[in-house]
Amino acid sequence: MSTQSITITQPDDWHVHLRDDAMLTQVASYTARQFGRAIIMPNLATPVTTTALAAAYRDRILAATKGQPDFQPLMTAYLTDTIDANDLVQGHQQGVLTAAKLYPANATTNSAFGVSDVKTIYPVLEAMQKAGMPLLVHGEVVSHDVDIFDREALFIETTMEPLLKAMPELKVVFEHITTKDAADFVASSGDNIAATITAHHLQINRNDMLVGGIRPHLYCLPVAKRELHRLALRQAATSGSKKFFLGTDTAPHRIGDKESACGCAGIFSAPHALENYLQVFEEENAIEHFEAFASFNGPDFYRLPRNEKTITLEKKEQTVPEVIGEGDLAVMPYRAGEVLGWQFT
Ligand code: DOR
Ligand code: ZN
């Protein structure tokens with residue numbers, strides 16, 4: 001008999017965009033209902049660059065999730081060329097900042113204030129290394145002459161390898177990896193290097209986005225790559241390796257901002273995140289590795305306790321809503337209108 005339900009330790013989401021104001025209020029509960037904790041990305045319109053800004057943002061998230069009081073947002077700071085290393089490390093020591101995020105300048109949404117050259121912040125990264133504070137990396141080069149499909153692979157040799165050579169003890173999460181190159185790099189690096197993998201990069205390749213018409217709701221950064229990369233990511237995620245863990249990169253944008261002549265990057269995957277990941281593990285005959293990927297590898301890497309609660313998913317069909325929210329706030333969830341085989345209960 002095939003599996004009809006699965007109960008596992010409550011998962012965490014190690015890469016989430018919750019936005020702010022009315023959008024925060026609208027989307028936060030979708031993450032909080034499935035996950036115990038979430039790493040909150042700091043790329044607000046005014047980036048979260050200090051401990052004080054992170055503490056204030058955390059309060060707004062807690063207000064938006066007050067119906068789910070067990071949910072714990074884990075805050076990050078947005079690295080800039082002029083970031084204050086003392087504030088960063090103190091914020092970490094005080095328990096306000098879990099990690100810091102490196103956006104190469106102009107790599108993606110709200111990254112204009114990001115780092116222009118990683119070498120300029122080496123002293124800051126050295127302080128983080130000393131403090132045991134994880135660095136979360138958007139790993140893409142941004143030069144105009146580099147093809148968008150090559151940007152992650154090139155980042156490994158131009159930035160990641162020199163960085164790890166200079167700081168061999170730095171804890172680094174290579175976020176939302178999309179290539180075999182990144183999966184192989186992480187697998188062959190030391191225990192201080194790990195990666196998050198989104199559900200959508202396990203499920204779609206660039207054809208899904210571009211063949212038969214352009215599908216702006218499948219556009220994200222790093223952009224989905226060719227099939228061989230998707231297969232390598234599925235292998236990495238379901239392998240049982242402790243170096244890979246769940247990070248949805250759920251990134252809501254208003255429908256008008258996606259369906260546009262210059263559409264925004266980001267996929268709103270929070271509503272059915274666990275159902276999609278579980279489908280992948282089932283298809284790969286690796287359900288026995290699902291709990292480690294979703295619930296153990298992340299907290300173990302971050303040196304946080306695993307969650308104590310459990311959650312259950314049942315094998316039961318459900319249709320993803322066409323739209324979530326109304327009017328100007330309407331967002332389209334990942335796989336809108338499709339039938340999923342699992343249901344989070
Ligand atoms: O697709 C993406 N959306 N990738 C990112 O790196 C940022 C995110 C967002 O904030 O919209
Ligand atoms: Zn992201």
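Two residues are said to be in side-chain contact when any heavy atoms from C-beta on lie closer than 4.5 Å; P47 and P42 fail this criterion. The shortest distance between side-chain heavy atoms of I39 and V16 does not fall below 4.5 Å. Taking the side chain as every heavy atom from C-beta outward, S295 and F290 never approach each other to under 4.5 Å. In this structure, the side chains of M209 and Y219 come closer than 4.5 Å at one or more pairs of heavy atoms. The shortest side-chain heavy-atom distance between L97 and M133 falls under the 4.5 Å cut-off. Two residues are said to be in side-chain contact when any heavy atoms from C-beta on lie closer than 4.5 Å; N276 and Q203 meet this criterion. Residues L218 and Y334 are in side-chain contact: their nearest non-hydrogen atoms beyond the backbone lie under 4.5 Å apart. Looking at heavy atoms from C-beta onward, Y103 lies out of side-chain contact with V115 at the 4.5 angstrom threshold.
Note: H201 and H229 fail the aromatic proximity criterion, with ring centroids not under 6.0 Å apart. Here the two rings, on W14 and F301, have centers that are 6.0 Å apart or farther. Here Y277 and F293 bring their ring centres to under 6.0 angstrom of each other.
Annotation: L210, atom CG; neighbour count of heavy atoms from other residues, nucleotides and ligands within 6.0 Å is above 12. For F281, the CZ atom counts as densely surrounded, since its 6.0 Å shell holds more than 12 non-hydrogen atoms of other residues, nucleotides or ligands. The local environment of CG in D191 is sparse, with at most 12 non-hydrogen atoms from other residues, nucleotides or ligands closer than 6.0 Å. By the neighbour-count criterion of 12 heavy atoms within 6.0 Å, atom NZ of K180 is sparsely surrounded, having that number or fewer from other residues, nucleotides or ligands. Atom CD of E288 has more than 12 heavy atoms from other residues, nucleotides or ligands within 6.0 Å.
Side chains of N106 and S111: no donor on one and acceptor on the other come within 3.5 Å. A donor-acceptor contact closer than 3.5 angstrom is absent between the side chains of H272 and Q34. A donor and an acceptor atom, one from each side chain of T196 and E175, are located under 3.5 Å apart.
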task = Begin from the C-alpha positions of E152 and T179 and carry the test side chain to side chain donor-acceptor pair (under 3.5 Å) through to its verdict.
result = CA-CA 7 Å; E152 182 175 282; T179 55; 2.5 Å; yes

ask   = Yes or no on side chain to side chain donor-acceptor pair (under 3.5 Å) for T248 and D13, after CA distance, side-chain angles and deciding distance?
value = CA-CA 6 Å; T248 61; D13 187 342; 2.5 Å; yes

Side chain to side chain donor-acceptor pair (under 3.5 Å) assessment of Q318 paired with E275 = CA-CA 10 Å; Q318 62 171 324; E275 289 92 331; 2.9 Å; yes

request  = Could you check E169 against K130 for salt bridge (Lys or Arg N to Asp or Glu O under 4.0 Å), going step by step and ending with a plain yes or no?
outcome  = CA-CA 8 Å; E169 307 287 314; K130 202 159 155 223; over 6 Å; no

query = What's the verdict on side-chain contact (heavy atoms from CB on, under 4.5 Å) for E126 and L170, showing C-alpha distance, side-chain angles and the deciding distance?
reply = CA-CA 8 Å; E126 268 154 17; L170 184 64; over 6 Å; no

message = I'd like to know whether Q94 forms a side chain to side chain donor-acceptor pair (under 3.5 Å) with Q90, so could you lay out the CA-CA distance, the side-chain angles of the two residues, the decisive distance to 0.1 Å, and finally the verdict.
response = CA-CA 6 Å; Q94 290 161 6; Q90 273 170 24; 4.6 Å; no

ask   = Checking salt bridge (Lys or Arg N to Asp or Glu O under 4.0 Å) for the pair D300/K242: CA distance, chi angles, key distance, verdict?
value = CA-CA 9 Å; D300 293 358; K242 65 183 181 191; over 6 Å; no

inquiry  = Before you tell me yes or no, could you show the steps for K315 and E282 under salt bridge (Lys or Arg N to Asp or Glu O under 4.0 Å), namely the whole-Å CA-CA distance, both residues' side-chain angles and the distance that decides it to 0.1 Å?
reply    = CA-CA 11 Å; K315 190 140 208 188; E282 182 183 39; 2.3 Å; yes

task = List the steps and the verdict of side-chain contact (heavy atoms from CB on, under 4.5 Å) for M332 and F268.
result = CA-CA 7 Å; M332 195 176 282; F268 178 46; over 6 Å; no

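Interatomic distance, CG of L274 versus CD1 of I8, reported as 6.5 Å (0.5 Å rounding).
A cation-pi arrangement, defined by a distance under 6.0 Å to the six-membered ring centre and an angle within 45 degrees of its axis, is present between R206 and F149.
Side-chain N or O atoms of E338 include none that pairs as donor or acceptor with a backbone N or O of T319 at under 3.5 Å. The closest donor-acceptor contact from the side chain of R254 to the backbone of A330 lies at 3.5 Å or more, if one exists at all. Of the possible donor and acceptor atoms, one in the side chain of N307 sits under 3.5 Å from a partner among the backbone N and O of Q10. Remark: side-chain polar atoms of R230 are not paired, donor with acceptor, to backbone N or O of I204 under 3.5 angstrom. Between the side chain of T76 and the backbone N or O of I40, at least one donor-acceptor pair lies under 3.5 Å.
Screening L102, L163, V172 for a side-chain contact (heavy atoms from CB on, under 4.5 Å) with L125, the sole residue that qualifies is L163. Paired with E291 under the rule side chain to side chain donor-acceptor pair (under 3.5 Å), one option of T7, T9, N297, T310 passes, and it is T9.
Contact check on R215 versus D208 returns no salt bridge, with no Lys/Arg side-chain nitrogen under 4.0 Å from an Asp/Glu carboxylate oxygen.
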